[in-house]
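Starting from 1, each residue takes its place in the sequence as its number.
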Amino acid sequence: MKAYGYTAADAAPTLIERELPEPEGRDLLIAIDAIAVNPVDTKVKAGIQGELEQAKIVGWDAAGTVLAAGRDCELFKVGDKVFYAGDISRDGCYASHQLVDERIVGFAPRKHSAPEAAAMPLTSITAWEALFSRMKIYPNLDKGKTLLIIGAAGGVGSIAIQLAKKVAELNVVATASREQSAAWCRELGADHVIDHHDLSEEYGRLNIADPDYILCLGDTDPYYEVVTDLIASQGLICFVVTSQQNHNIDKLKTKSAGIVWEFMFTRPMFKTADITAQHQLLNRIAEMLDEGMIQSTLKQTLGPINADNLIRAHQQLQDGHTLGKIALTAIE
């Protein structure tokens, strides 16, 4: 198999070749047709300490075809088209092939291309878990409540808007700082779009109730004070980016409000009892895509997986102005 890996935090991606692995247990061996890039890719690369003897393969969003299955597999067979995000504690998808636990893999949407499918798993799992597993939003029961999404034009925000509108029927307030990103949020269904640079004042201009839920997709520290001020009594705030500072949680006591975290790799990393929930929710996402209930958040396909395209993709992510998702096709 071929793959692109990194030997140091500041190194360019290097083409490497390894023997094709054999799947065991509940692993699938998947031939990768397309991948998508995410900020976690650049963060894992930046976290490499010193010089590695064996290059680290990153990347956690892919679509492909099952080539072989371990003896304990029950959910898929050879030839199935699949999509998945994977497990951050294992090799990533910047490769021609990958081993993945079948319980975190879904059947790929039938009416979408491999890049369109590859753009969806990591962000869909993150958004779904944040809304429905962490903040415990119940469709029908919580219909009409207000969700504020900070950083809504990016990968996770792009699908969170859609799920919040189509599944939970919430009133969605999205933040975006540029007209292009604001238009994208409106296209996806946001009821209101405000600038996050002066969040408290911007939200106040809407003359609506305080948000029942806040999904903060930007850095936690700059937003902590304002979101804990904005959140409604008995509301919930979900963060996804590791905090670098200590914060006062006591200010939420009188509101009986809470903070939760979403890290989509928790289930595969800890092999939780409900790990198969990721298989099930990816199947739901595929169905919703094929039914036209939601749309793929793919905005750009750069070409095949190679060093130049990976460098371009990472640079775009680090520039911080990416709308939706960036995909690459299979290694040539």
Side-chain angles (χ1 to χ4, degrees), residues 1-21 27-65 67 82-100 104-105 113-123 125-126 154-156 241-242 264-265 268-269 297-332:
M1 60 171 277
K2 295 180 179 180
Y4 281 88
Y6 299 90
T7 55
D10 59 354
T14 302
L15 179 63
I16 56 179
E17 295 199 21
R18 296 179 181 173
E19 289 189 10
L20 198 64
D27 274 352
L28 303 172
L29 175 63
I30 298 169
I32 293 172
D33 297 323
I35 68 167
V37 296
N38 293 284
V40 66
D41 304 3
T42 64
K43 291 177 181 178
V44 171
K45 174 183 177 292
I48 295 174
Q49 300 294 315
E51 189 83 18
L52 301 179
E53 291 186 9
Q54 181 170 299
K56 184 173 185 61
I57 304 170
V58 305
W60 292 279
D61 248 343
T65 306
L67 286 188
V82 297
F83 71 150
Y84 57 92
D87 180 346
I88 200 170
S89 64
R90 304 180 70 177
D91 282 341
C93 63
Y94 291 8
S96 59
H97 300 79
Q98 187 179 12
L99 289 177
V100 186
I104 57 172
V105 175
S113 67
E116 289 172 329
M120 298 302 291
L122 184 145
T123 52
I125 294 170
T126 301
V156 177
V241 179
T242 302
M264 67 131 290
F265 296 112
M269 283 182 67
T297 56
L298 176 67
K299 292 293 283 185
Q300 186 179 14
T301 303
L302 297 182
I305 301 169
N306 60 38
D308 289 342
N309 287 333
L310 288 171
I311 291 170
R312 287 174 59 202
H314 281 209
Q315 187 59 58
Q316 289 188 37
L317 290 176
Q318 291 170 326
D319 286 344
H321 299 304
T322 302
L323 296 182
K325 295 294 292 290
I326 302 167
L328 290 86
T329 52
I331 290 178
E332 294 180 342

**Prompt:** Gly64 and Asp33: which non-hydrogen atoms are nearest, and at how many Å?
**Reply:** CA-OD2, 3.3 Å
**Request:** Taking the side chain as every heavy atom from C-beta outward, state whether Met264 and Trp60 have any atom pair closer than 4.5 Å.
**Result:** no
**Asked** How about Lys2: does its NZ atom have over 12 heavy atoms from other parts shown lying under 6.0 Å from it?
**Response** no
**Item:** All pairs passing side-chain hydrogen bond (donor to acceptor under 3.5 Å, both in side chains) where residues 10-21 contributes a residue, at least two apart
**Value:** Arg18-Asp91
**Prompt:** How far apart are the closest heavy atoms of Pro121 and Ala62, and which atoms are they?
**Reply:** CG-O, 4.2 Å
**Non-hydrogen atoms of Ala46 and Ala9 that approach each other most closely** = O-CB, 3.6 Å
**Prompt:** Side-chain contact, heavy-atom cut-off 4.5 Å: Leu122 with Val40?
**Reply:** yes
**Request:** I would like to know whether Asn309 and Tyr4 meet side chain to side chain contact (heavy atoms under 4.5 Å, CB included); could you show each step before the answer?
**Result:** CA-CA 11 Å; Asn309 287 333; Tyr4 281 88; over 6 Å; no
**Asked** Hey, are the side chains of Val37 and Arg312 touching, using non-hydrogen atoms and a 4.5 Å cut-off?
**Response** no
Kindly list each side-chain donor-acceptor pair under 3.5 angstrom involving residues 52-59, sequence neighbours excluded, with atom names and distances?
none

**Item:** Which residues share a side chain to side chain donor-acceptor pair (under 3.5 Å) with Gln49, sequence neighbours left out
**Value:** none
**Request:** Determine whether Tyr84 and Ile30 make a side-chain contact, defined as any pair of heavy atoms from C-beta on separated by less than 4.5 Å.
**Result:** yes
**Request:** With rounding to the nearest 0.5 Å, note down the distance linking CG in Asp41 to CD1 in Ile88.
**Result:** 8.5 Å
Side-chain donor-acceptor pairs of residues 313-320 under 3.5 Å, sequence neighbours excluded:
from   : atom 1 : to     : atom 2 : distance (Å)
His314 : NE2    : Tyr94  : OH     : 2.9
Gln315 : NE2    : Asp319 : OD1    : 2.9

**Prompt:** How long is the span from the CG atom in Leu15 to the CG atom in Asn306, to the nearest 0.5 Å?
**Reply:** 9.5 Å
**Distance (rounded to the nearest 0.5 Å) between Ile35 CD1 and Gln98 CD** = 9.5 Å
**Request:** Apply side chain to side chain donor-acceptor pair (under 3.5 Å) to Asp87 and list each qualifying residue two or more places apart in sequence or on a separate chain.
**Result:** Ser89
Check: residues 323-332 side-chain donor-acceptor pairs under 3.5 Å, at least two apart:
from   : atom 1 : to     : atom 2 : distance (Å)
Lys325 : NZ     : Asn38  : OD1    : 3.2
Lys325 : NZ     : Asp61  : OD2    : 2.6
Lys325 : NZ     : Ala119 : O      : 2.9
Thr329 : OG1    : Gly303 : O      : 3.3

**Asked** What are the two closest non-hydrogen atoms of Cys93 and Ile32, and how far apart are they?
**Response** O-CD1, 3.4 Å
**Asked** At their closest point, which heavy atom of Ala34 faces which heavy atom of Pro115, and how far apart are they?
**Response** CB-N, 3.6 Å
**Message:** Testing the basics here: between Ala11 and Lys45, what is the closest heavy-atom pair and its distance to 0.1 Å?
**Reply:** O-CE, 3.2 Å
**Request:** Working to the nearest 0.5 Å, report the span between CG of Leu28 and NE2 of His97.
**Result:** 13.5 Å
